[in-house]
Engineer: 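The structure follows.
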Protein chains: 2
Amino acid sequence: MTQLYSISDLSKEFDITPRTIRFYESKGLLAPRREGQRRIYTSSDRVRLKLILRGRRLGFSLDESLEIIELYNPDNNNKKQLKTYLEKIQQKQYALAEQLKDIKAIQKSLKEAEARCIDALAN
Amino acid sequence: MTQLYSISDLSKEFDITPRTIRFYESKGLLAPRREGQRRIYTSSDRVRLKLILRGRRLGFSLDESLEIIELYNPDNNNKKQLKTYLEKIQQKQYALAEQLKDIKAIQKSLKEAEARCIDALAN
DNA sequence: GTTTACCTTTACGTAAACGTAAAGCAACAT
DNA sequence: ATGTTGCTTTACGTTTACGTAAAGGTAAAC
């Protein structure tokens, strides 16, 4: 009894157009089943879409998002590949740490600007 | 004795092309002095460029970056404007907090994937 | 004095991420 | 049977953020 979704279900839930979802499919980021012509999305597809949109919010390209998503499920069989995966994972972790620094720097500047604003308003 | 920079100074320092810097100028993000034809950048221009690139790393559009940069120096004279600025600053702070959540979520997933990788490699 | 280096403008080209219009199938509602 | 709703494909259009030639100015270097 796993949940299934139509394209408009998902487009409404995530406030994107069906076009966007189809575009992601055309780029290999999604691969829903078909029932006749219609696309049928599983809850696993839905999670994938969620992850893609999270990447989008962070300024990742679709390729980057795809790469990251694929890092979540390493193929535990191939030891050689596993090492490569591990390196990629750690590279991404480093990049994310940098991004975190950037955000915190902006937050700091905004806090200072906020304080100056409040101060000027109180005089 | 304040530092001055040529366009190639800055392009080398930040590893971007002169074209990129000129493009930012054409979009109103930079406004260097001229010495004849040549562009002369002050250290304040340099900081602005740094901020633009930080925004770029975070997936901000140039318009967004410009908006944020302008939030750093509120005009303390106009009380009415100050209130608007304050609201904008707080909106950005909220958005950044959300972005931070996104990053931490990815970090968590990557940590788990990393652990599974290490585990599989150790068996 | 002309190469060389560095800068300039103008302008067309391009990749990514969709938007949008056209034309049509398929099922259900009237 | 026919409109409405919701989906489909195809394909050209658009915005953002630059890339990339083309053609030339200027000034130091040889």
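Throughout, protein chains are lettered first and strands after them, A, B, ... in sequence-line order, and every chain is numbered starting at 1.
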Engineer: Using atom CZ of A/F23 as one end and atom C1' of C/dA17 as the other, report the distance to the nearest whole Å.
Structural biologist: 5 Å
Engineer: Calculate the interatomic distance between B/R33 atom CZ and C/dC7 atom C1'; express it in whole Å.
Structural biologist: 17 Å
Engineer: Are B/R39 and C/dC6 close enough that a side-chain N or O sits under 4.0 Å from OP1 or OP2?
Structural biologist: no
Engineer: If you find the nucleotide of DNA chain D closest to A/Y41 and the one closest to B/F60, which residue's nucleotide is nearer the 5' end?
Structural biologist: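 Upstream on the strand: A/Y41.
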Engineer: Map B/K12 and A/Y24 onto DNA chain C by nearest heavy atom, then report which one ends up closer to the 5' terminus.
Structural biologist: B/K12
Engineer: Indicate whether OP1 or OP2 belonging to C/dC7 is found under 4.0 Å from a side-chain N or O atom of B/S6.
Structural biologist: yes
Engineer: Quick one: on DNA chain C, does A/T17 or B/D9 contact a more 5' nucleotide (nearest heavy atom)?
Structural biologist: B/D9
Engineer: For B/R57 and A/Q99, work out which heavy atoms get closest and say how close.
Structural biologist: O-NE2, 3.9 Å
Engineer: Check if the side chain of B/R38 and the base of C/dT8 share a donor-acceptor pair of N or O atoms closer than 3.5 Å.
Structural biologist: no
Engineer: Using the side-chain heavy atoms of B/R34, tell me which of these nucleotides is nearest: D/dC7, D/dA17, C/dT9.
Structural biologist: C/dT9
Engineer: Quick one: which of A/E25, A/R46, A/Q3, A/R48 gives a side-chain contact (heavy atoms from CB on, under 4.5 Å) with A/Y41?
Structural biologist: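 By the side-chain contact (heavy atoms from CB on, under 4.5 Å) criterion, A/Y41 pairs with just one of A/E25, A/R46, A/Q3, A/R48: A/E25.
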Engineer: C/dC18 P sits how many Å from A/L49 CG, rounded?
Structural biologist: 11 Å
Engineer: Should the heavy atoms of other residues, nucleotides or ligands under 6.0 Å from NZ of B/K80 be counted, would the total exceed 12?
Structural biologist: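 Atom NZ in B/K80 is not packed in, count stays at 12 or less.
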Engineer: In whole angstroms, how far is the P atom of D/dT5 from the CD1 atom of A/I7?
Structural biologist: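 Answer to the nearest Å: 19 Å.
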Engineer: Which whole-number value in Å describes the distance from B/E64 CD to D/dA17 C1'?
Structural biologist: 14 Å
Engineer: Check the distance between C/dC18's P and A/L30's CG and give it to me in whole angstrom.
Structural biologist: 12 Å
Engineer: Please indicate whether B/K108 has more than 12 foreign heavy atoms, meaning atoms of other residues, nucleotides or ligands, lying under 6.0 Å from its NZ.
Structural biologist: no
Engineer: Using a distance-only criterion (donor-acceptor N/O pair, under 3.5 Å, no hydrogens), is the base of C/dT8 paired with the side chain of B/R22?
Structural biologist: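 No pair found.
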Engineer: Between B/E98 and B/K101, does at least one N-O distance fall below 4.0 Å, as a salt bridge requires?
Structural biologist: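 Between B/K101 and B/E98 there is a salt bridge, with a charged N closer than 4.0 Å to a carboxylate O.
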Engineer: How close or far is atom C1' of C/dC7 from atom CZ of B/R19, stated in whole angstroms?
Structural biologist: 15 Å
Engineer: If you check every side-chain atom of A/Q37, which of C/dC7, D/dA17, D/dT8 has the closest atom?
Structural biologist: D/dT8
Engineer: Round to a whole Å and report the spacing from NZ of A/K27 to C1' of C/dC18.
Structural biologist: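 Computing the A/K27:NZ to C/dC18:C1' distance gives 10 Å.
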